[in-house]
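Below you'll find the structure, written out as structure tokens, and then a few comments.
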Amino acid sequence: MEEVRVRFPPSPTGYLHIGGARTALFNWLFAKKHNGRLILRIEDTDEERSTQASIDGIIDGLQWLGIDWDEGPYFQTDFAADHVAAANRLLASGHAYKCFCTKEELEKKREAAMAEKRSEVGYDGTCRHLNAEQVRAKEAQGIPATIRFKVSNRPGTLFYDDEVLGRIERTYSEIEDFVIVRSNGKPLYLLCNVVDDIRDRISHVIRGQDHMTNTTRQVLLYEALGAKLPVFAHMPLTLDLQKRKISKRSHGEVVAVQFYRDMGFIPWALCNFLCLLGWNPGTDREFFSREELVETFSLSRISRVNSVFNFKPGDAKFFTDPKLIAINEHYLRTMDPAELGQLVRRELEAENLWDPAYATSRSDWYLATLDLIRDRFHTLKDFVTAGRAYFSDQYAIDAKPLAKNVLKQPELAVWLPQLAERYTVLAEFNALSTEQACRGLADALAVKPGVLINGMRTVLTGQLAGPSMFDIVATLGRERVVARLRRTADLFAAP
RNA sequence: GGCCCCAUCGUCUAGUGGCCUAGGACAUCGGCCUCUCACGCCGGUAACAGGGGUUCGAGUCCCCUUGGGGUCACCA
């Protein structure tokens with residue numbers, strides 16, 4: 001195979017959403033798999049809607065996901081001269097013509113056609129047959145003109161072989177003469193995109209099925225420009241539960257890549273989830289490292305069916321697709337502790353809970369603690385919320401465990417400080433010795449150990465649930481445990 | 001409406017004519033484990049859109065119907 005060159009060409013008119021991220025991911029995977037190159041090209045020819053904030057957001061999002069590119073970012077507007085030159089070539093070779101119809105006239109015609117449910121809603125070809133004289137006359141009058149591509153009126157069909165869909169055919173007569181240059185002289189997407197792909201020597205165009213009608217027209221452009229066709233691969237779209245195309249406008253934050261970073265997702269977990277949306281390896285395998293996925297990926301296993309992003313607005317537990325949450329949890333529990341340590345470090349830093357010693361003298365303690373508590377967490381955020389008591393003495397006591405495990409048992413205000421005293425005199429302070437001391441006290445008081453254990457869990461961590469109690473005690477250390485247990489009475493004084 | 005694409009559990013999907021009594025994952029339900037809650041493990045519920053063909057045999061091939069999606073801009 002010749003050199004593989006693919007591209008991700010977002011238009012900077014909004015934030016990077018998961019559909020776009022998936023397209024970028026598939027291109028990245030394909031490039032890596034074939035030792036090819038991924039080109040990032042910002043298609044900013046829509047001056048009115050393109051923004052710098054969007055460009056920054058897209059780049060940040062890709063970087064966060066770990067999708068790196070080999071060339072670019074190129075900016076489409078920097079190549080305006082290429083696009084204009086191509087349009088002029090098309091004009092000169094008779095593949096395009098000037099059209100003097102106004103936008104308003106065309107809209108009126110189109111609306112009328114739509115209203116009457118006529119099939120021919122496309123351009124009617126008014127200016128297609130203007131002779132040189134007529135064109136000169138119109139120009140002399142100063143009437144602005146767009147440039148339209150002259151679609152061959154030969155009978156039959158045009159086709160291309162899609163890597164995922166197979167042969168796609170369309171009859172020439174169904175394709176209207178489309179505009180390639182605005183009346184203000186600025187070339188349009190259909191043309192720019194092809195000119196850039198030719199210049200960038202793109203070998204494979206991997207994009208959404210929403211581009212399929214563009215592709216048939218662009219095939220015409222490649223032909224007219226005398227360029228070799230790239231291989232096309234149209235990916236299925238991602239829809240919502242109502243089967244509608246997802247967009248930030250109608251779905252809000254959940255479809256923005258940024259959201260997942262803010263919610264504490266592991267970047268690769270999102271990638272892993274996204275790749276499973278519309279692609280599968282043909283085996284039962286669902287978790288892949290980067291290397292494994294690059295190795296396994298292939299265009300031919302991309303699904304032809306649109307997939308649904310299973311998100312139910314208003315569901316607190318499943319604030320995004322449950323499978324994505326499950327995949328994130330899986331990585332949270334199984335990933336290399338040191339790597340997890342880096343991710344959690346950022347969360348701790350953001351909360352001013354990071355102690356530089358965690359990277360040096362207390363590194364063992366830090367990683368062991370993460371390993372102890374990671375099992376019941378869902379996202380990276382949990383380390384600084386539910387897990388806050390492990391890193392700070394300023395932590396909230398949840399109302400539910402407070403009521404259930406502490407307030408119901410007023411004697412704990414005395415018992416827990418008593419336990420603290422027993423802990424002070426322990427020769428060895430570890431999970432075993434603290435458990436023995438605790439059960440010993442329970443015996444002496446003639447209460448079930450659970451009363452003491454659940455009470456101390458609440459006092460020590462503020463949480464209803466958590467790891468095995470005496471592992472927590474050992475992790476927190478004698479000083480913190482004793483201090484916290486001694487203050488138990490304070491909880492009863494609260495308003 | 002025209003054209004194009006698509007159609008297996010709630011969701012993501014396996015399935016390329018016999019290995020399908022339709023498999024896996026998530027979700028859900030039940031059980032085990034247990035100081036809590038998880039994790040983990042075990043088990044259950046749950047799908048071939050409908051109708052015609054072709055064939056000894058169809059989830060798999062063909063046709064029709066239905067349904068869904070995309071697109072029809074001087075946006076990208």
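Everything numeric in this text was worked out from a predicted model, so none of it was measured. Throughout, a chain's letter reflects where its sequence line sits, starting with A, and its residues are numbered from 1.
RNA chain B lies under 4.0 Å from no heavy atom of any residue of residues 379-390 of chain A. RNA chain B is contacted by A/Met212, A/Thr213, A/Asn214 of residues 212-225 of chain A, taking any non-hydrogen atom closer than 4.0 Å.
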query: Yes or no on ring pair (Phe, Tyr, Trp, His ring centres under 6.0 Å) for A/Phe297 and A/Phe26, after CA distance, side-chain angles and deciding distance?
result: CA-CA 8 Å; A/Phe297 186 78; A/Phe26 280 29; 5.3 Å; yes
message: Checking A/Arg374 against A/Phe383 for the side chain to side chain contact (heavy atoms under 4.5 Å, CB included) test, could you report, in this order, the C-alpha distance in whole Å, the side-chain angles of both residues, the deciding distance, and whether it holds?
response: CA-CA 8 Å; A/Arg374 80 214 287 205; A/Phe383 288 92; 4.1 Å; yes
query: Can you check side chain to side chain contact (heavy atoms under 4.5 Å, CB included) on A/Ile39 and A/Trp69, steps first, answer last?
result: CA-CA 6 Å; A/Ile39 289 118; A/Trp69 51 93; over 6 Å; no
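Nucleic acid contact class of A/Leu464 (heavy atoms, under 4.0 Å, all strands): base. Contact annotation for A/Pro401: no contact, since no heavy-atom pair falls under 4.0 Å across all strands. At the heavy-atom level, A/Ile168 lies under 4.0 Å from the strands shown only through sugar-phosphate atoms. Using a 4.0 Å heavy-atom criterion, one finds that A/Phe309 contacts no nucleic acid atom at all. Using a 4.0 Å heavy-atom distance criterion, A/Lys103 is classed as a base contact. Backbone-only contact: A/Gly278 has heavy atoms under 4.0 Å from sugar-phosphate atoms and none from a base. Counting non-hydrogen atoms under 4.0 angstrom, A/Glu169 reaches the backbone sugars and phosphates but no base. Looking at heavy-atom distances under 4.0 Å, A/Arg374 makes no contact with the nucleic acid at all. At a threshold of 4.0 angstrom between heavy atoms, the contacts of A/Lys404 with the nucleic acid are absent. Within 4.0 Å of A/Gly466, counting heavy atoms only, lies at least one base atom of the nucleic acid. A/Cys101 comes within 4.0 angstrom of a base, heavy atoms only. Among the atoms of the strands shown, base atoms are found under 4.0 Å from some heavy atom of A/Ser183. When heavy atoms are screened at a 4.0 angstrom cut-off, A/Arg207 is found touching no nucleic acid atom at all. If you check every strand for non-hydrogen atoms under 4.0 Å, A/Arg49 touches a base.
Of the candidates B/A27, B/A76, B/C12, the closest approach to any side-chain atom of A/Ser307 belongs to B/C12. Here the nucleotide nearest the side chain of A/Val305, chosen from B/G69, B/C12, B/U8, is B/U8. Distances were taken from every side-chain heavy atom of A/Arg182 (C-beta onward) to each of B/U11, B/C75, B/C3; the shortest belongs to B/C75. Here the side chain of A/Phe470 is nearest to one of B/C35, B/C12, B/G69, namely B/C35. Among the nucleotides B/G68, B/C39, B/U13, the one closest to the side chain of A/Lys243 is B/G68. Out of B/U71, B/C74, B/C26, the shortest distance to the side chain of A/Ala326 is found at B/C26. Relative to the side chain of A/Glu176, the nucleotides B/C72, B/U36, B/C6 differ in distance, and B/C72 lies closest. Checking B/C26, B/A76, B/C35 against the side-chain heavy atoms of A/Arg439 singles out B/C35 as nearest.
Rounded to whole Å, the separation between the P atoms of B/C48 and B/C56 comes to 27 Å. Comparing B/A47 with B/A27, their C1' atoms sit 15 Å apart, to the nearest whole Å. B/A49 and B/G68 have their C1' atoms separated by 11 Å, given to the nearest Å. Across the P atoms, B/C63 and B/G69 are found 23 Å apart, a figure rounded to whole Å. Between B/G10 and B/A46, the distance separating the two C1' atoms is 9 Å to the nearest Å. B/C41 and B/C33 have their C1' atoms separated by 9 Å, with the value rounded to a whole Å. The separation of B/U71 from B/U55, taken at their C1' atoms, amounts to 39 Å, rounded to a whole angstrom. Nucleotides B/C6 and B/G18 have their C1' atoms positioned 27 Å apart, rounded to a whole Å.
In this pair, A/Phe309 and A/Phe311 present their aromatic rings tilted. The plane angle is within the 30 to 60° band. Taking the six-membered ring where tryptophan is involved, the planes of A/Phe287 and A/His330 are essentially parallel, since the angle between them stays under 30° and well short of 60°.
Between A/Arg167 and A/Met469, it is A/Arg167 whose nearest contact on RNA chain B lies nearer the 5' terminus. Mapped onto RNA chain B by nearest heavy atom, A/Ile453 and A/Thr283 fall at different nucleotides, with A/Thr283 at the one closer to the 5' end.
One can place CG of A/Asn280 at 13 Å from P of B/U16, the figure rounded to the nearest angstrom. Protein atom CD1 of A/Ile18 is 13 Å distant from nucleotide atom C1' of B/U11, rounded to whole Å. Counting to the nearest Å, the P atom of B/U11 and the CG atom of A/Leu237 are 17 Å from each other.
In this structure, the side chains of A/Trp415 and A/Gln409 come closer than 4.5 Å at one or more pairs of heavy atoms.
Side-chain atoms of A/Arg376 and base atoms of B/C37 include a donor and an acceptor less than 3.5 Å apart. For A/Arg457 against B/C35, a side-chain N or O and a base N or O form a donor-acceptor pair under 3.5 Å.
Taking the ring axis of A/Phe159 as reference, the NZ or CZ atom of A/Arg170 does not stay both within 45° of it and closer than 6.0 Å to the ring centre. A cation-pi arrangement is found for A/Arg217 relative to A/Phe178, the charged atom lying closer than 6.0 Å to the ring centre and inside a 45° cone about the ring normal.
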Show me the protein contacts with nucleotides 18-25 of chain B, counting only N or O atoms at under 3.5 Å.
residue : atom : partner  : partner atom : Å
B/A25   : O4'  : A/Glu286 : OE1          : 3.0
B/A25   : O2'  : A/Glu286 : OE1          : 2.4
B/A25   : O2'  : A/Lys323 : NZ           : 3.2
B/A25   : N3   : A/Lys323 : NZ           : 3.0

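Of the possible polar contacts, none joining the A/Asn272 side chain to the A/Trp268 backbone as a donor-acceptor pair under 3.5 Å is found. At distances below 3.5 Å, not a single donor-acceptor pair connects side-chain atoms of A/Asp177 with backbone N or O atoms of A/Gly125. Without hydrogens or angle criteria, A/Asn328 side chain to A/Leu324 main chain gives no donor-acceptor distance under 3.5 Å. A donor-acceptor pair is defined here as one N or O able to donate and one able to accept, closer than 3.5 Å; no such pair exists between the side chain of A/Arg457 and the backbone of A/Asn405.
Between A/Ile175 and the options A/Thr213, A/Asn153, A/Leu158, a side-chain contact (heavy atoms from CB on, under 4.5 Å) holds for only A/Leu158.
Phosphate contact (OP1/OP2 of B/G69, side-chain N/O of A/Arg304, threshold under 4.0 Å): absent.
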